[in-house]
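Below: one structure in structure tokens.
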Amino acid sequence: MVFLDYVRITKQERSRIVVAGSAKAGERAHLRSLGLSTDDLNRPFIGVVNSYNEMHPGHVHLNELAEHVKHGVYQAGAVPFQFQTIAICDGITQGHLGMKYVLPSRDWIADSIELTAEAQQLDGLVFLASCDKIEPAMLMAMARLNLPSLLVTGGPMLPGRFAGDSVAISDMREAVGRWRKGELTDDEVLELECSVCAGPGSCAMAGTANTMAAAAEALGVTLPGCAASHAVAASKKRLAKESGAAVVQLVRENRRPKDYLTRESFLNAIAVCSAMGGSTNAMLHLPAIAGEMGISIRPADFDAVSRTIPHLVSLKPSGPHTLLDLEEAGGVGALIQRLLPLIHGEAETALGVSLADAATSAPLRDASVIRPLDDPVHPHGSYAVLYGSLAPDGCCVKQTGVAESMQQHSGPARVFDSEEAAEEAIYDGLVQPGDVVVICYEGPKGGPGMREMLGATAALMGMGLGTSTVIVTDGRFSGATRGPCIGHVAPEAAVGGPLALVRNGDRINVDIPARSIELAVDPTELEERRSALILLEKPASGVLWRYRELVGSVAEGAPLRGRNG
């Protein structure tokens, strides 16, 4: 055997630059130290991107799934190389300074994957993630790297049980307010605390994790059925193994995300999120993922889709159903089948079939969970984008979670400069029915980090104010949020947006059907306030300082400026 012939040189496999030729003997020696044989060196190299984390219920089981992925890769004739990235649990970071770091982690995760995949010249990637910022971060990396890839979502956790009902984490957070009002005893709230999260997986509701998992299946970057397959299910293990094998085939076909992801693909993802009453965080993430491919997705696209796509699945926290109910009813594939007359069913998936064909294997078992088009939960989808003097560049609300009586509201402002101050005021009874709670300086730059306002919204619902009081903020909301909660106000207060000019007692008029949000203050008065305005700049160092300096508008998905040159 000639020394130069140890490794075959092929056109489609990037890893040949690492191992092919006499000059790469040192690189091969390092790989042989890992146990690789000459035969292994002639196989494609597949990165298995794992976000396992011992302090994260959505990710604590991913090492086991990674083993199944690696088995699939090796059996299909390639070599798997697992590497790690971080995962922060939104649920554990709620209501304190830790939440400032969650959205910035999205970009750090994407960057860390790019660094590893490019430095080591991997041929393809299988991504493993379950939760809020990690799934979109991996999809951003997938789009940016444009390598043959699939995402394996870790799956929802089983629903908890309390007092004979299925429960999710949103029930726990609202129970605190009920306990403060004397509606739950100490023993009852402890029982709920110990039962609401039944094991590993993403929270059993239409939170950001499951919203983005459904979006990924609609984009065609997961295998069919992956989104609703539960964390503890044998089907999830099979999907992991099959995904590993499938990526090897994608490498051989040189099939990459830019070959099939189009603007229509992203509109399909919005439609599925809208039909399941999905989290408004999708309005941050889908534009950022599309932006990595040079595709423009803006808030107006979410509004336009939601006007034509009905709400068909009423999931917790706004409805009665859990993700287990959705899976047993046929999963995201069955929901896509329902939507086919209204979406781009011809859009291709990673496997080269149309989205319509990919969804045909899903059985449609329960029309009470996945409603037909002519009998929807609501005639419109999840997202409404409001514009007006308070939000010239727009703001958003999950309209499917808002009571009919609160679709239009006018009330006096109660202004706070942080979530903690607003939450304390709500629990102390200082917020009255009819008020508009305004939380400023919680946007991407103002936070910095754009925290979720789940503490304030849970307090609002738990204290019985969810059908009489509105929250408006330049921060964002968890998928666990329900009620009249308006976020993503742009421009944000920290850059001098109108939100920074609001004072206690100002009247704010909200009209969700008319897509309007107005600050009813004379323009002359506002100009006087602006001339005297001193913007609040919250302390920031390290990661948060860099994030504040680089982050763009929430209306564009809060991208980091300069990302693509």
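From a predicted model like this one, the values you see are computed outputs, not experimental measurements.
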Kindly compute the distance separating CH2 (W179) from CG (L190), expressed to the nearest 0.5 Å.
->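 Result: 11.5 Å between the selected atoms.
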Heavy-atom closest pair, residues P317 and K398 =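 Here P317 and K398 meet closest at CD-NZ, 4.3 Å.
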So do H56 and I134 actually touch side chain to side chain, heavy atoms under 4.5 Å?
->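 In contact.
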List the steps and the verdict of side chain to side chain contact (heavy atoms under 4.5 Å, CB included) for I426 and E423.
-> CA-CA 5 Å; I426 293 169; E423 182 178 356; 5.6 Å; no
Using a strict cut-off of less than 4.0 Å between a Lys/Arg side-chain nitrogen and an Asp/Glu carboxylate oxygen, indicate whether E525 and R503 qualify as a salt bridge.
->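 Salt bridge absent between E525 and R503.
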Kindly determine whether D107 and Y547 satisfy side chain to side chain contact (heavy atoms under 4.5 Å, CB included), including the steps that lead there.
-> CA-CA 9 Å; D107 299 273; Y547 188 77; 3.9 Å; yes
Taking the side chain from S531 and the backbone from E528, do they hold a donor-acceptor pair closer than 3.5 Å?
->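 Confirmed, S531 side chain pairs with E528 backbone.
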Tell me, do M157 and C197 make a side-chain contact under 4.5 Å, heavy atoms counted?
->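 A side-chain contact exists here, since the closest heavy-atom pair is under 4.5 Å.
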Side chains of S112 and T85: do they bring a donor and an acceptor to under 3.5 Å?
->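 T85 and S112 do have a side-chain donor-acceptor pair below 3.5 Å.
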Judged by modelled atom types alone, do T262 and S265 share a side-chain donor-acceptor pair under 3.5 Å?
->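 Checked: T262/S265 side chains pair up, N/O donor to acceptor below 3.5 Å.
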Below 4.5 Å, heavy atoms only, C-beta onward: do Q432 and R414 meet side chain to side chain?
->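 Heavy-atom side-chain distance check fails, nothing below 4.5 Å.
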Taking the side chain from D123 and the backbone from I46, do they hold a donor-acceptor pair closer than 3.5 Å?
->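 Between the backbone of I46 and the side chain of D123 there is no qualifying donor-acceptor contact (under 3.5 Å).
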Do you know the tightest heavy-atom contact between L286 and A215?
->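 Distance-wise, the nearest heavy atoms are CD2-CB, 4.3 Å.
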Got more than 12 heavy atoms from elsewhere within 6.0 Å of CD, E424?
->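 Count not over threshold, so no.
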Looking just at side-chain N and O atoms, do S274 and S306 make a donor-acceptor pair shorter than 3.5 Å?
->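 A pair is found: one side chain offers a donor N or O, the other an acceptor, under 3.5 Å apart.
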Where do L62 and S51 come nearest, in terms of heavy atoms and distance?
->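 Minimum heavy-atom contact is CD1-OG, 3.6 Å.
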Quick one: do the N509 and E518 side chains pair a donor with an acceptor below 3.5 Å?
->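 The answer is no; no qualifying pair exists.
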Lys/Arg-Asp/Glu bridge criterion (N-O < 4.0 Å) met for K70, E67 |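 A salt bridge is present here (some side-chain N lies under 4.0 Å from a carboxylate O).
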Give the intermediate values and the outcome of salt bridge (Lys or Arg N to Asp or Glu O under 4.0 Å) for residues D111 and R144.
-> CA-CA 10 Å; D111 289 349; R144 188 190 307 172; 2.9 Å; yes
Looking only at atom types and distance, does a side-chain atom of S389 sit under 3.5 Å from a main-chain N or O of L519, one as donor and one as acceptor?
->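 It does hold such a pair.
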Rounded to the nearest 0.5 Å, how far does CG of L103 lie from NZ of K133?
->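 If I round to the nearest 0.5 Å, the distance is 6.5 Å.
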Looking at D301 and R263, does any basic side-chain N land under 4.0 Å from a carboxylate oxygen?
->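 Counted as a salt bridge, because a side-chain N and a carboxylate O are separated by less than 4.0 Å.
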Does V470 offer a backbone N or O that forms a donor-acceptor pair with the side chain of H409 under 3.5 Å?
->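 Absent.
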Note: K445-E492 ion pair, threshold 4.0 Å (strictly below) |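 Looking at E492 together with K445, the answer is no, because their closest N to O distance does not fall below 4.0 Å.
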Does V554 reach the side chain of L284, with side-chain heavy atoms less than 4.5 Å apart?
->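 Sidechains of L284 and V554: in contact.
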Verify, without hydrogens or angle tests, whether N210 (side chain) and M205 (backbone) share a donor-acceptor contact under 3.5 angstrom.
->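 Confirmed, N210 side chain pairs with M205 backbone.
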Lys NZ or Arg CZ of R515 over Y387 ring: under 6.0 Å, within 45° |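 The answer is no; the distance or angle limit is not met.
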Interatomic distance, L122 atom CG to F83 atom CZ [nearest 0.5 angstrom] =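 Spacing of CG (L122) from CZ (F83) equals 6.0 Å.
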Can you find a heavy atom in the side chain of L323 that is under 4.5 Å from one in the side chain of L315?
->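 Side-chain contact under 4.5 Å: yes.
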S382 side chain to G278 backbone, donor-acceptor under 3.5 Å =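 Checked: pair present.
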Separation of L219 CG from F266 CZ (nearest 0.5 Å) |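 Answer for the CZ-CG pair, F266 versus L219, is 5.5 Å.
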Can you find a side-chain donor-acceptor pair between T208 and S279 that sits under 3.5 Å?
->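 Yes, a side-chain donor-acceptor pair sits under 3.5 Å.
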Flag, side chain of D428 to backbone of L430, donor-acceptor distance under 3.5 Å =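 Looks like no, no N/O pair under 3.5 Å.
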Is R256 reaching over with its side chain to a backbone N or O of S149, donor-acceptor style, under 3.5 angstrom?
->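 Answer holds: no.
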R476 and L454, any side-chain heavy atoms less than 4.5 Å apart |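 They are not in contact (no side-chain heavy atoms under 4.5 Å apart), so the answer is no.
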Taking all non-hydrogen atoms of both residues, which atom of A422 and which atom of V437 are closest, and how far apart?
->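 Looking at all heavy atoms of both residues, the closest pair is CB-CG1, 4.1 Å.
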Nearest heavy-atom neighbours spanning A214 and M276 |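 Smallest heavy-atom distance, with atoms named: CB-SD, 3.5 Å.
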Look up atom SG in C440 and atom CD in E419, then write down how far apart they are to the nearest 0.5 Å.
->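 Taking SG in C440 and CD in E419, the distance rounds to 13.5 Å.
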Any chance the side chains of E452 and N281 put a donor and an acceptor closer than 3.5 Å?
->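 Yes.
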Salt-bridge test for D417 and K538: reply yes if a basic N is under 4.0 Å from a carboxylate O, no otherwise.
->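 Salt bridge between D417 and K538, a charged N being under 4.0 Å from a carboxylate O: no.
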Give a yes or no on whether a salt bridge exists between R529 and D506, defined as a side-chain N under 4.0 angstrom from a carboxylate O.
->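 Salt bridge present between R529 and D506.
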T469 and D435 side chains, donor-acceptor separation under 3.5 Å |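 No pair is found: no donor N or O on one side chain lies under 3.5 Å from an acceptor on the other.
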Verify the neighbour count for atom OH of Y101: are there more than 12 heavy atoms of other residues, nucleotides or ligands below 6.0 Å?
->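 No.
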If we only count heavy atoms from C-beta on, is the I109 to I86 side-chain gap below 4.5 Å?
->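 Heavy-atom side-chain distance check passes, below 4.5 Å.
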Check the side chains of S130 and H59 for a donor-acceptor pair under 3.5 angstrom, ignoring hydrogens and angles.
->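 No, because no side-chain N or O of H59 sits under 3.5 Å from a partner of the opposite role on S130.
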Can you list the steps and then say if E64 with K236 is a salt bridge (Lys or Arg N to Asp or Glu O under 4.0 Å)?
-> CA-CA 11 Å; E64 182 181 8; K236 183 62 73 178; over 6 Å; no
Salt bridge R14-E118, side-chain N to carboxylate O under 4.0 Å =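 Yes, charged N to carboxylate O under 4.0 Å.
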Can you see which heavy atom on A209 is nearest to which on C131, and at what distance?
->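 Taking A209 first and C131 second, the nearest heavy atoms are CB-CA, 3.6 Å.
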At what distance, to the nearest 0.5 angstrom, does CG of L128 lie from CG of L65?
->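 Here the rounded value is 6.0 Å.
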Student check: side-chain heavy atoms of I471 and I486 closer than 4.5 Å |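 No, every pair of side-chain atoms sits at 4.5 Å or beyond.
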Starting from the C-alpha separation in whole Å, work towards a yes-or-no answer on salt bridge (Lys or Arg N to Asp or Glu O under 4.0 Å) for K316 and D171.
-> CA-CA 9 Å; K316 285 181 172 292; D171 297 292; 3.4 Å; yes
Please walk me through it: do N63 and Q82 pass side chain to side chain contact (heavy atoms under 4.5 Å, CB included)?
-> CA-CA 10 Å; N63 276 352; Q82 181 178 181; 3.8 Å; yes
Salt bridge R451-D474, side-chain N to carboxylate O under 4.0 Å |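 The answer is no: the pair does not qualify as a salt bridge.
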Taking E174 for its side chain and M461 for its backbone only, find out whether a donor-acceptor pair lies under 3.5 Å.
->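 No, E174 side chain to M461 backbone: no donor-acceptor pair under 3.5 Å.
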Please assess M283 against V385 for the test side chain to side chain contact (heavy atoms under 4.5 Å, CB included), listing each intermediate value before the final yes or no.
-> CA-CA 10 Å; M283 296 183 66; V385 180; 3.6 Å; yes
